[in-house]
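Quick caveat, the model's predicted, so the values are computed rather than measured.
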Amino acid sequence: MGKILMENAKHNPAEAFRERWKWRLLFISAISKFSTMYNMGSLSTLQLQFQQQMGMSEIQYTRISQFEAIPGLILPMLIGALADYAGATLPVAIGILLGLTGQFLVTLGVINLSYWTLLSGLVLLHCSTEASGLGKNKIVRLWYKDNEISRANSVLVFTTILSSFCCNIFYPNLYQIFDSLTVPYLVGAGVCIVSSTAGVVQLIIHNRLLKLQEATSGAHEESHKHISFRSVTKLHKTFWLVIVASILGMQGIGSTKKYESKYLQTNFHFKVGEAGEILSVGLVASGTIAPIAAVYMDRHGRIPFFFMGAFVAGLLGIVGNILVSPCDRCLLPVIPLLVMSLGSGVQQLSSITSIMRISEKKNVGISLAMYQTTMSVFQLIIPWIVGTIAQNTVNEYGYHWVFVFNACIVTVAICLVMILQIIDYRGPQNLQFKIKSRHVSFAVEEASPLTDQPESTTSIEESLLRSDSERLSTVVNRQLLANLPSPQRPAEESPGWKK
């Protein structure tokens, strides 16, 4: 089969271009994604300094997270529909422009010590992340085979972790060296320009592929000229369990990390640069675990167990923060931080991979948009609760009760993942086994595009196998089709179609 696919690629310029450029494109995509967390994570790294120089209260600090969530209530659905309708290029381009504008406003707000200018810039940066993130996820889904998605996503997750690591190192240390908030944000503006340039290069390569595909088959698979809101309502209940569990776990762990820098400085008397270096230790662990998890995820599936491991590690880390007593520059707080960080990358990887597995390729944009919209709803509520708790208890108890609340949220997420495993194992099994590639060639994809099928009583494995055979029958002979394994089962469980 591999030989046949290689021969097919030789006669299909679009497929050959994809095979030749897909890993180079991934590297360029990683550069374009770098500035996202490098700049957006800066506020939590310098929380104490902002509160001192701008006079921010705990409520004003958490208000930023709430304002960042407002565009996410509407924008992801619009961008997701746009990505499914017209392709990924326009959302990514919009994201690049919003990112540059937002970073300019953030830098201006820091120079002038203007809270509202800073807030406006951060909201635009969040809009940029929503727009370009959905478009770039659409590109990943179109460029990579089903059994390559986890590896591709792991590179992007690693980039996010690396950019957070650099944020925790450079922002506080540049502040400590120059005793100014301006210098680190000017450097952040330069990083934003480099990443935006890489994003433009990414779009050029992607559109080259689309032109080759259109020249080869007369159409390309990126857009479908339909708005697929109805398709979301037909998704299995595991989709909603995935996004709610993922968001709760992310909010609980993320809310804890949001206060970690100030927690280290006030409870353990570390300098701002030292606190940033300690935070980076956890990111190193997360960046090491995520690519390893991606390989095992591709080989064995069982994604709910990866979720569970990530959330249990996060819960243990939060409980460790609650139990560790204040001391003078001791390294005890490093242990819970390290444990809590181990699952961060795995959790992000599991979320995106699960949604991509559950959703049809043509509806990935709208499914990811639903995920982002739901996250924004939670982000309006949970930071408000956390900020209220912090405002009323921080002077007497520090962040003890904030961490207790976050631990409760993560516990609920773990319970939901257990339910997810039971339902998915007894039902569609989208998340249980490794996925074999259904991406044979552009010629196959374009000869007979997959369309919406009516509901039936057949299993999802049989439906996927039948739809694949319908697409392949126009290109590949029946004997080749007889050897294809089911995309939802391990090879050894595949039904044998032997003549």
Side-chain angles (χ1 to χ4, degrees), residues 14-36 75-76 78-99 128-160 195-214 219-225 228 294 348-349 351-357 359-369 371-372 437-439 441-442 445-446 449-450:
E15 179 67 15
F17 182 83
R18 168 151 56 178
E19 288 297 320
R20 186 169 66 251
W21 276 92
K22 63 183 179 182
W23 302 119
R24 302 180 202 177
L25 179 76
L26 187 62
F27 176 73
I28 295 169
S29 300
I31 297 175
S32 72
K33 194 178 178 69
F34 186 85
S35 72
T36 301
L75 191 61
L78 296 177
I79 294 295
L82 181 63
D84 285 340
Y85 181 83
T89 301
L90 188 56
V92 175
I94 292 172
I96 291 172
L97 291 175
L98 288 174
S128 167
T129 303
E130 300 282 1
S132 61
L134 287 168
K136 288 175 182 179
N137 282 325
K138 182 83 172 177
I139 290 174
V140 168
R141 190 64 184 92
L142 294 174
W143 271 76
Y144 302 97
K145 300 175 184 178
D146 288 342
N147 61 350
E148 295 171 339
I149 287 176
S150 292
R151 278 172 287 170
N153 280 332
S154 73
V155 172
L156 299 178
V157 169
F158 176 80
T159 303
T160 301
S195 288
S196 299
T197 303
V200 173
V201 174
Q202 177 190 27
L203 291 182
I204 292 172
I205 296 172
H206 179 62
N207 280 280
R208 173 62 177 163
L209 172 67
L210 297 181
K211 288 179 181 178
L212 284 172
Q213 183 184 358
E214 193 168 0
H220 59 72
E221 63 178 358
E222 185 186 41
S223 59
H224 296 274
K225 304 304 179 188
S228 52
Q348 295 176 48
L349 179 63
S351 301
I352 300 300
T353 302
S354 296
I355 293 170
M356 288 184 175
R357 282 191 177 209
S359 308
E360 291 184 29
K361 181 167 58 177
K362 63 181 180 179
N363 296 325
V364 166
I366 203 69
S367 298
L368 288 168
Y371 172 64
Q372 297 290 347
S437 170
R438 286 175 283 158
H439 228 210
S441 72
F442 273 131
E445 296 282 350
E446 296 305 323
L450 182 62

Quick one: closest heavy-atom pair of [X] and [Y], and the distance?
X	Y	value
Ile28	Ala198	CG2-O, 3.3 Å
Val200	Ile96	N-CD1, 3.9 Å
Gly95	Ser128	O-OG, 2.6 Å

Taking atom [atom1] of [X] and atom [atom2] of [Y], what is their separation to the nearest 0.5 Å?
X	Y	atom1	atom2	result
His206	Lys211	NE2	NZ	12.0 Å
Ile94	Thr89	CD1	OG1	11.0 Å
Leu156	Leu26	CG	CG	5.5 Å
Ser195	Ile31	OG	CD1	8.0 Å
Thr159	Lys33	OG1	NZ	8.0 Å

Under a 4.5 Å cut-off applied to non-hydrogen side-chain atoms, are [X] and [Y] in contact?
X	Y	value
Lys136	Val140	no
Leu25	Ile139	yes
Trp23	Trp143	no
Arg24	Ile205	no

- Item | Trp21 ring center within less than 6.0 Å of Phe27 ring center | no
- Message: Around atom CZ of Arg20, are there more than 12 heavy atoms from other residues, nucleotides or ligands closer than 6.0 Å?
- Response: yes
